[in-house]
Amino acid sequence: MLFEEFDPLKGEMLQILDKNGNIVNDKLVPKIKKETLMKMYKTMVLGRIADVKAVQFQRQGRMLTYAPNHGQEAAQLGSIAAMDDDDWLVLAFRELNAMLYKGVTLEQSYLYWYGNEMGSKYDENVKVLPINVPIGSQINHAAGIAYASKLKGTKEVTIAYIGDGGTSHGEFHEGMSFAAAYDLPMIVVIQNNQWAISTPRKKAIKSKTLAQKAIGYGIPGIQVDGNDPLAMYLAVEKARERASKGEGPTLIEAVTYRMGPHTTSDNPKLYREDKEVDEWAKKDPLIRFKKYLIDKKYWSNKKDEELQEASKKEVLEAFKKVEKTGLVDLEDIFKYTYEKLTPNLKKQLNAYKEYLNEEGAK
Amino acid sequence: MLFEEFDPLKGEMLQILDKNGNIVNDKLVPKIKKETLMKMYKTMVLGRIADVKAVQFQRQGRMLTYAPNHGQEAAQLGSIAAMDDDDWLVLAFRELNAMLYKGVTLEQSYLYWYGNEMGSKYDENVKVLPINVPIGSQINHAAGIAYASKLKGTKEVTIAYIGDGGTSHGEFHEGMSFAAAYDLPMIVVIQNNQWAISTPRKKAIKSKTLAQKAIGYGIPGIQVDGNDPLAMYLAVEKARERASKGEGPTLIEAVTYRMGPHTTSDNPKLYREDKEVDEWAKKDPLIRFKKYLIDKKYWSNKKDEELQEASKKEVLEAFKKVEKTGLVDLEDIFKYTYEKLTPNLKKQLNAYKEYLNEEGAK
Amino acid sequence: MAVKTILQAINEALDQSMEKDDSVVVYGEDVGFEGGVFRTTAGLQKKYGEGRVFDTPIAEAAIVGSAIGMAVNGLKPVVELQFSGFSLPGYNQVVTHAARFRNRSRGKYNLPMVVRMPYGGGVRALEHHSESLETLYAHIPGLKLVIPSTPYDAKGLMMAAINDPDPVIFMEPKRIYRAFKQDIPEEPYEVEIGKARIVKEGKDVTIIAWGALVREVEKAMKQVTDIDAEIIDLRTIAPMDTETIVNSIKKTGRVLIVHEAYKSFGPAAEIISRINEEAFYYLEAAPKRLTGFDVTIPLPKGEHHFIIDPKQIAYELKKLMAEKA
Amino acid sequence: MAVKTILQAINEALDQSMEKDDSVVVYGEDVGFEGGVFRTTAGLQKKYGEGRVFDTPIAEAAIVGSAIGMAVNGLKPVVELQFSGFSLPGYNQVVTHAARFRNRSRGKYNLPMVVRMPYGGGVRALEHHSESLETLYAHIPGLKLVIPSTPYDAKGLMMAAINDPDPVIFMEPKRIYRAFKQDIPEEPYEVEIGKARIVKEGKDVTIIAWGALVREVEKAMKQVTDIDAEIIDLRTIAPMDTETIVNSIKKTGRVLIVHEAYKSFGPAAEIISRINEEAFYYLEAAPKRLTGFDVTIPLPKGEHHFIIDPKQIAYELKKLMAEKA
Ligand SMILES: Cc1ncc(C[n+]2csc(CCOP(=O)(O)OP(=O)(O)O)c2C)c(N)n1
Ligand SMILES: Cc1ncc(C[n+]2csc(CCOP(=O)(O)OP(=O)(O)O)c2C)c(N)n1
Ligand SMILES: [Mg+2]
Ligand SMILES: [Mg+2]
């Protein structure tokens, strides 16, 4: 129904909450528990602060590098909140908010961007794959996870994220085709943030929408206002229903914007106009979500100030812990290559230790 | 116009000549010169005989291996005939008819399947890429050729072929996306012959048509009766017009059938019913094309008998020449690795010659 | 015991592994209904159903990448890439992910998965159907690369590979899929990954080979009765059993390495380097390699130049024995 | 003459090649408008237009595959893969096509194309941004693999690569993109592909390196003043300049090979094997390799363990000199 109504070829994007926080599509407002809404909002505030701070830390030379997701919070939180606890989350790399919502700690996230593999060792029960740098390849992992869920007869659904640029990659195509062929319980959210590093989505991709790529796979696709947490929630809720019923994957294009640089090594001034950024600033998901919650009497400005303070503290503390971690142990760079150290690796490790013994640390 | 009328989502396949050779869509009959029609037909007859014979030769242990294209002649000839002499042809591997039409000699084709690289050294002015075994990868070559044509400002258009199975490959996706992004003068013909070795198209691919994959790339797609040479001609003619005007690539799904085995090493009895093959036999492109030409008074049964005889002779002579070629020279396996033999290769070649001198041929 | 070819031995290993362990799944192009273009997986879909044994779209990145996802989510996938020459579109998944998930997640996610691929020449095939690409897999930390040369090892190594907690690349010497039979145990058994096999002890020279070439070496040694060669079947290319190699060289002082992979930057180079590192002062002659030339493996009408035969092995061996330090 | 970094030298080589020859085109992810994430192609789009210098979708198979098509159709494409770790999705095109078009078509189609990729560690980067994958390209017949270590060579080798009738993989040592400057000719010039450079003559021992590690070797040798080492910068990994290496070994009798690529099945193994084949009886000590460990190159907080520094080179060198046959 929803996917027919918002067939991407009809050219209408799903929006429920407009940029000012007003409901524009009353009959579509999804039923979301207060508790869930508040978790979404609190994560959004924490995520935003953590994001802004990470860039600052990096500028101070204290954080290695970072890929900001400022502006894309609703695309992530609206979608992840519609998933079950038992579902799988498959990341690209710009999904801090989705990660936090799903149980990855801020400390772990920071540790990763600090340059330590330990930052990808999420807690045992956290069903999240590590950040995936090779563009597009995560979609195939998601398909495999979903295949296993289906074969085992569990209720798990897998949600995976990818960027607009990533949809041109062969890996995306193969994963989508594979998932479609077996009607796998999988949802793919394209975070169309308009840019792939310096390359505008409009130039790199000919199709009018990214959602319509779904048609090529014979599955539903929908274009959603990615800065609207309610619209994102609804689309994913419906996609999850399909998945649960064995009807296969859904492709969701979240139209959003990357407010910051691609990563802290990138200078967007080289390739885009401030004007464009300013336009998108007005569509900030945080503004409209807060207004919506206040209108609903779930929230107040006063509470918000407290939350801001608490979140700031949390961020600073997480980073403090990360900064205490220092360097990785020598053994650790060997230990996880195979389950057991091979004789060859033992030799290499020992030879190097001998060198350190004789010559002192590097 | 044509591509809007036959939008793949409308579910109608373009057909002009039905399986009995009757015109079913009068107003769409393309204007094709008699000379062209006759070249198409003669190639089809030669191609059919060459195909059937190749399988026989292989069964006799005289041909190495062969991938029959019996049944798919119209898909190839209808499309290639709508191209200009100056256009480029990019092959998958099951396009004997298209190759012959475009100036590859039967002897060269046979020599390839006989197991000799010389069979891919087409004459200088023949703008055809060698047979391409890694599924899907040729689409990227086609995109590159088309890019060069566009940059140089020539009138060349590139036509590339791929199988139904190949459309699931990442290479197909990347090539299509790339060509679409720059509006390249390129036409891709999917020979949907219903099978990828033992895997039915219906099981491997979820989308209702393959033509609709075009929508994902933001380009026109059309499903065509691939056993109808006139429909194929029309679709490609229109696609070529688009390409020439700088409007970019078109995706054409030719619905056809692989009458023979995948290759001579394959036994289709293991995976498909004779009944299905029999049904498709009734749709043989040769039957309907011949009837059409006779109806048009371009052809007669008597002339056809002569042509059959002449073609048979041509096939046997070509193969006779191929059988005389024997083994490849030792130098030839070294000589084309780089423009010049490297010192390393010289050493390897000389050491081996020394061995042959001392011990005699293997 | 039952008399089996390598092909049948692999089929039995898959069958018994699936029987014992519900989490084993087997898939790839044409692997399901038809049982593979070589029929290695014949009968499995009928027995275990379409869920556990299935055909895929032609998409090697999806085949390998989905296996990674399945392994993360509790399955033990055994996937087939139709020929090693077609493993390359899946190579990104193997290198950037399969080899690294354990390390990336600091042990949270390990990947018990097997990637099977028929490899090697001598079967008079089309382009891309004859490659020996050991180096590409052996060079990557985190992968194991296993190649059997007998039915006994084929079954035992395959069962070990399926039970291995790390990703295993399993190259199958298609030239000898059906070339000969061997009496092998009917019950399940494992052959340890990482251990070479001494095919024949000897004192004059060490010959190292694997896959289809082990037999060619054996044939050669029937012609050269005056040399007492120690023949080692490497079986696992990575991680390599350096110890067995080095011990042998310490005894013989001479070594000939035979493989069909391209010579330069090929597997023999690594073996020679390890011998240099650990047994250099035992060497009585320069280590020798007899390998594929550094040219694209030719189509069948030129392939005889490329393929290594027993006569050539014998010739190189005699030259090696004649060399003196 | 003008003082330039490696990065500027490459930019100049591209610029002058494009200026001279209309058929040269330059493209890749973020290569056009921005001029590349490292800014190696900065200014070129402005000068030569969007047709000849352009941004692509994120699709490495399309980047390499389209370059093949362009080369067939009269252009000389110079493509960038953003990091060598991201070259793998395009690897199928490189191996199954770029390396083989000439041979497949028996000389009808040759491919004058260059595939550029920044490579190597030591830049404190994310995963997949630090790989040294020389082996994967050097092992494949039909490819040339070139790596400069100085601005002079960077310009000259790049111009030679663009004019080369065969496909050239051009790995750029990103760690030293901007590390130092050199006075290089302003006019176009070529440095011959396939020839090593003797950085410094010496008689005691041969040290072989390339890319960023040449400088580390030079630094090490400033610490070890009592050893007269001959330093060879390989420059072309394939086809390798065996002659220069062998001549050096015949003089020194000892060799240390230094590279950041993984050790096993790495480039040093091939060098050692060639030395074994052609200069074995001149060796006074076992050849030594100082390389990356056989583990995934670590993220920055562990990378210092992996990266080779001058102190380590000096240490290995002293050990090598102390060895006696
Ligand atoms: C296979 C591959 N090629 C290139 C890169 C380098 N790279 C990192 S991010 C990026 C752009 C991604 O754009 P998009 O998919 O839109 O995601 P976004 O960064 O906007 O979130 C590129 C090209 C990579 N990580 N992987
Ligand atoms: C990358 C790659 N994977 C696997 C193969 C093996 N293979 C050869 S043909 C084929 C099936 C092709 O099916 P389709 O694309 O429908 O073409 P058809 O054979 O029907 O003409 C396969 C899987 C290959 N050639 N290349
Ligand atoms: Mg983006
Ligand atoms: Mg087909």
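Reminder, nothing fancy here: chain letters follow the sequence lines and each chain counts from 1. Side chains included, hydrogens not; waters and symmetry mates left out as well; all remaining heavy atoms used. No experiment lies behind these values; they were computed from the predicted model shown.
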Review point. Do you know the tightest heavy-atom contact between D/Ala269 and C/Ser273?
Key: CA-OG, 3.1 Å

Practice item. Measure the acute angle between the ring planes of C/Tyr91 and D/Tyr91, then classify it against the limits of 30° and 60° as parallel, tilted or perpendicular. Key: parallel

Check your understanding: Listed by residue number, which members of residues 104-113 of chain C have a heavy atom under 4.5 Å from any heavy atom of chain D?
Key -> C/Arg104

Revision key, fill the gap. Looking only at C/Lys263, C/Glu60, C/Lys288, the option with the highest number of non-hydrogen pairs under 4.5 Å against chain D is C/Lys263

Review point. In Å and rounded to the nearest 0.5 Å, what is the OG to CG distance from C/Ser87 to D/Asn92?
Key: 8.5 Å

Check your understanding: Taking C/Met240, C/Glu127, C/Arg274 one by one, which has the highest count of heavy-atom pairs under 4.5 Å against chain D?
Key -> C/Glu127

Review point. Nearest heavy-atom pair of D/Phe265 and C/Pro267: which atoms, and what distance?
Key: CE2-CA, 3.7 Å

Practice item. Could you check which of C/Phe86, C/Tyr262, C/Phe293 has the highest count of heavy-atom pairs closer than 4.5 Å to chain D? Key: C/Tyr262

Check your understanding: Looking only at heavy atoms, which of residues 131-139 of chain C get nearer than 4.5 Å to chain D?
Key -> C/Glu131, C/Thr135, C/Leu136, C/Ala138, C/His139

Check your understanding: At their closest point, which heavy atom of D/Pro287 faces which heavy atom of C/Asn276, and how far apart are they?
Key -> CD-OD1, 3.1 Å

Exercise for review: Give, as side chain, backbone, both or neither, the part of D/Ile237 having an atom under 4.5 angstrom from any heavy atom of chain C.
Suggested key: both

Revision key, fill the gap. d(D/Asp294 CG, C/Leu143 CG) to nearest 0.5 Å is 11.5 Å

Study note, to complete from the structure: The reported gap from CG in D/Leu283 to CG in C/Leu283 (rounded to nearest 0.5 angstrom) is 10.0 Å

Check your understanding: Of all heavy-atom pairs between D/Thr296 and C/Pro141, which one has the smallest distance, and what is that distance?
Key -> N-CB, 3.9 Å

